[in-house]
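Encoded as structure tokens, the structure appears first; notes follow it.
Nothing fancy with the numbering, it's 1 onward along the sequence.
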Amino acid sequence: MGALGYSVVDYLLALPITLLVLFALGILVIDLMLPPERKSLNAVTALFGVAFSAAAIWNPLRPGILSFLADRRLTGHPAMLGTMVVDHITIYFWYLFLAGTAIAILISVRYLETEHENHGEYYALLLLSVAGMMCMAAGFDIVLIFIGLELMAISTYVLVGFLRRDRRSNEAALKYLLLGAFSSGIFAYGLSLLYGLSGSTSLAIINQELGKRILDPQYRPVAIIALVTTITGLLFKIAAIPFHQWAPDAYEGAPTSITGFMSVAVKAAGWIMLLRILLWGLFPMRAIWGPLIVFVSIATMTGANFAALTQTNTKRLLAYSSIAHVGYMLLAMVVLSTAEVPSQPLLDAFKGILIYLLVYTFMNIGAFGVIASLRHRNIAGDDLDDLNGLYLRAPVEAVLMLVFMLSLAGIPPLAGFWGKYFIFLSLIESQHYALAALGVLYSVFGLYYYLKIANAMFMRQPEKGEEKLPVSFAMRVALGITALATIYIGVMPNRFIEIVNWSLGIASQANVARLVR
């Protein structure tokens with residue numbers, strides 16, 4: 001045992017987070033020694049940080065390095081005095097965060113040079129944000145989850161306003177900061193009530209105590225207030241209506257590379273926090289939060305899809321699209337609040353959320369990558385009119401954008417189809433036929449505004465001339481990875497479905513275990 005009662009295992013399980021923090025601090029030091037024309041080397045250092053963190057996730061869990069963990073790996077291993085648990089879902093989300101971050105870094109290199117904002121602190125804040133996300137994913141203690149949330153949020157506030165000479169970026173950062181701080185205060189109040197009810201900050205003990213006290217008239221009103229305030233903070237972080245006001249402005253004003261990063265990694269972090277707290281901590285109250293989720297899900301799908309119809313700014317359109325996808329995923333939470341444990345509908349609903357977040361990571365950040373690639377000279381790339389005639393100026397990017405749009409709409413055989421498929425399947429299996437029909441209806445409805453983008457790219461004439469748009473090597477790599485993943489997962493989903501099954505502990509095939517570990 002080491003200092004403060006921590007063992008070698010604790011430090012090894014926390015090593016991926018530690019490495020990200022060390023690389024973030026290293027970038028700040030290295031940046032001081034780099035001349036202005038070599039600032040892009042900070043992106044290389046950040047990519048090394050992501051790679052080392054990914055390797056650290058894999059190595060401590062390999063048989064032979066810590067073989068005595070083998071018997072505990074399926075249910076997760078507690079670390080840091082039980083405040084964090086490294087289980088299959090933790091590993092799944094850690095890799096998801098790192099994949100989204102690596103692609104965001106590749107998109108950022110040329111974009112920051114074009115905006116004349118190529119500073120080392122940008123990449124340092126990215127890595128610190130991911131460190132916070134990892135704490136949220138592994139957190140089994142509400143204090144650690146909240147610390148991770150604030151580390152992620154504060155880093156993201158600064159990144160949204162990173163274009164210091166852009167008024168929209170400054171305004172978006174201020175709005176995001178004020179609304180984020182307000183929601184964090186409400187969330188912290190809810191967590192404090194949960195601590196008062198249970199006498200502990202551990203999700204396991206909170207679950208046990210709520211199970212005992214939820215039927216007690218003396219404690220029930222306080223428990224309901226704790227639930228409502230906690231779930232308000234959670235819904236804000238995933239941008240569900242009516243707590244979505246920050247998303248369109250933040251997406252529009254932020255650097256496009258950060259908009260893509262927020263739409264996948266930050267959103268995935270919000271979802272694992274929601275799953276951890278509602279399913280591991282507040283599960284005894286699912287009869288209460290279930291109906292709330294039904295209302296929020298319907299409101300989110302309705303409001304976001306209708307708002308997206310009138311948007312002329314591409315980033316705002318994709319922001320409302322992102323909010324609509326939250327509504328679809330919340331349908332799976334409705335199933336999780338009503339299905340028997342264990343049951344096939346419950347597993348399919350959980351599987352749907354995890355697959356949705358996986359495919360969304362690639363197709364959505366790919367779409368923002370195409371928008372970022374348009375930022376050249378006097379072309380901003382943000383407005384829908386900037387996409388006019390894109391096929392004549394950048395045919396490869398136009399085709400890739402079409403692939404991403406069709407995938408976001410859920411058109412087979414692209415990856416987006418499988419996320420919706422398992423969610424709608426779980427709704428039908430659990431006899432939520434009306435919600436399933438509504439979800440399918442809004443999916444078809446959403447196809448209209450995705451095809452608006454396709455119409456601008458292929459059917460209209462360019463307003464800026466027909467000169468070819470240069471695309472950097474790093475951007476080509478990022479777009480290639482996202483497009484390949486979007487198509488490959490859609491056409492051959494079995495391996496990825498097996499990985500999701502592994503993360504849920506319902507499949508332990510040796511080949512999948514080797515791939516993910």
Inset, instruction - Please name all residues satisfying salt bridge (charged side-chain N to carboxylate O under 4.0 Å, His left out) with D31, sequence neighbours left out, ordered by chain then number. - result: K39

Legend entry - Atom CE of M33 with >12 non-hydrogen neighbours under 6.0 angstrom: yes

May I have the list of side-chain donor-acceptor pairs in residues 15-25 shorter than 3.5 Å, sequence neighbours left out?
{"from": "T18", "atom 1": "OG1", "to": "A14", "atom 2": "O", "distance (Å)": "3.0"}

Inset, instruction - State which residues pass side chain to side chain contact (heavy atoms under 4.5 Å, CB included) with F422; sequence neighbours excluded, sorted by chain then number. - result: D348, K351, I355, W418, L425, I497

Legend entry - Check: Y95 side chain, A54 main-chain N or O, donor-acceptor pair, under 3.5 Å: yes

Legend entry - Residue pairs, two or more places apart or on separate chains, that pass side chain to side chain donor-acceptor pair (under 3.5 Å) and touch residues 127-138: none

Inset, instruction - Answer with yes or no whether the side chains of S263 and Y360 bring together a donor and an acceptor at under 3.5 Å. - result: no

Legend entry - S53 (side chain) donor-acceptor with G49 (main chain) under 3.5 angstrom: no

Inset, instruction - Nearest 0.5 Å please: distance from the CD1 atom of I353 over to the CG atom of L358. - result: 14.0 Å

Inset, instruction - For S321, enumerate each residue passing the side chain to side chain contact (heavy atoms under 4.5 Å, CB included) test, keeping only those at least two apart in sequence or located in another chain. - result: H325, Y449, Y450

Inset, instruction - Measure the spacing between CD of E397 and CG of L387 and express it to the nearest 0.5 Å. - result: 11.5 Å

Sequence neighbours excluded and cut-off under 3.5 Å, please list the side-chain donor-acceptor pairs for residues 482-491, or say none.
{"from": "T482", "atom 1": "OG1", "to": "A478", "atom 2": "O", "distance (Å)": "3.1"}
{"from": "T482", "atom 1": "OG1", "to": "L479", "atom 2": "O", "distance (Å)": "2.9"}
{"from": "T486", "atom 1": "OG1", "to": "T482", "atom 2": "O", "distance (Å)": "2.7"}

Legend entry - K420/Y328 under side chain to side chain contact (heavy atoms under 4.5 Å, CB included): CA gap, chis, key distance, verdict: CA-CA 7 Å; K420 288 186 171 69; Y328 301 136; 3.9 Å; yes

Legend entry - Pairwise distance CZ(F243) to CZ(F182) - rounded to 0.5 angstrom: 9.5 Å

Legend entry - Set of side chain to side chain contact (heavy atoms under 4.5 Å, CB included) partners for A104, sequence neighbours left out: F261, I365

Inset, instruction - List the steps, then state whether side chain to side chain contact (heavy atoms under 4.5 Å, CB included) holds for F417 with V359. - result: CA-CA 9 Å; F417 167 77; V359 300; over 6 Å; no

Legend entry - Check: A137 main-chain N/O paired with R276 side-chain donor or acceptor under 3.5 Å: yes

Inset, instruction - Run the salt-bridge test on D249 and R168 with the 4.0 Å N-O cut-off and return the result as yes or no. - result: no

Legend entry - Ion pair check, R167 and E171, cut-off under 4.0 Å: no

Legend entry - Under 3.5 Å donor-acceptor, S184 side chain and A181 backbone: no

Legend entry - Results of side chain to side chain donor-acceptor pair (under 3.5 Å) for S169 - residues two or more places apart only: none

Inset, instruction - Report the distance from atom CG of L28 to atom CG of L128, rounding to the nearest 0.5 Å. - result: 7.5 Å

Legend entry - Main-chain N/O of G416 paired to S407 side chain as donor or acceptor, under 3.5 Å: yes

Legend entry - Residue among V370, V109, I107 satisfying side chain to side chain contact (heavy atoms under 4.5 Å, CB included) with M475: I107

Inset, instruction - Starting from the C-alpha separation in whole Å, work towards a yes-or-no answer on side chain to side chain contact (heavy atoms under 4.5 Å, CB included) for T300 and H244. - result: CA-CA 9 Å; T300 301; H244 69 293; over 6 Å; no

Legend entry - Qualifying residues under salt bridge (charged side-chain N to carboxylate O under 4.0 Å, His left out), relative to E113, sequence neighbours excluded: none

Inset, instruction - Give every residue pair that meets the salt bridge (charged side-chain N to carboxylate O under 4.0 Å, His left out) criterion with at least one member in residues 147-164, sequence neighbours excluded. - result: E117-R164

Legend entry - Donor-acceptor under 3.5 Å (H88 side chain, W502 main chain): yes

Inset, instruction - Any chance you could lay out the side chain to side chain contact (heavy atoms under 4.5 Å, CB included) test for Y320 and Y251, step after step, and finish with the verdict? - result: CA-CA 10 Å; Y320 282 110; Y251 278 39; over 6 Å; no

Legend entry - I238 CD1 to S322 OG distance, which is reported to the nearest 0.5 Å: 10.0 Å

Inset, instruction - To the nearest 0.5 Å, tell me how far I186 CD1 sits from F236 CZ. - result: 9.5 Å

Inset, instruction - Kindly write out the residues that satisfy side chain to side chain donor-acceptor pair (under 3.5 Å) with T45, not counting sequence neighbours, or none if the list is empty. - result: none

Legend entry - Charged N-O contact under 4.0 Å between E252 and K315: no

Legend entry - Those residues that, when tested against L178, pass side chain to side chain contact (heavy atoms under 4.5 Å, CB included) (two or more places apart): L174

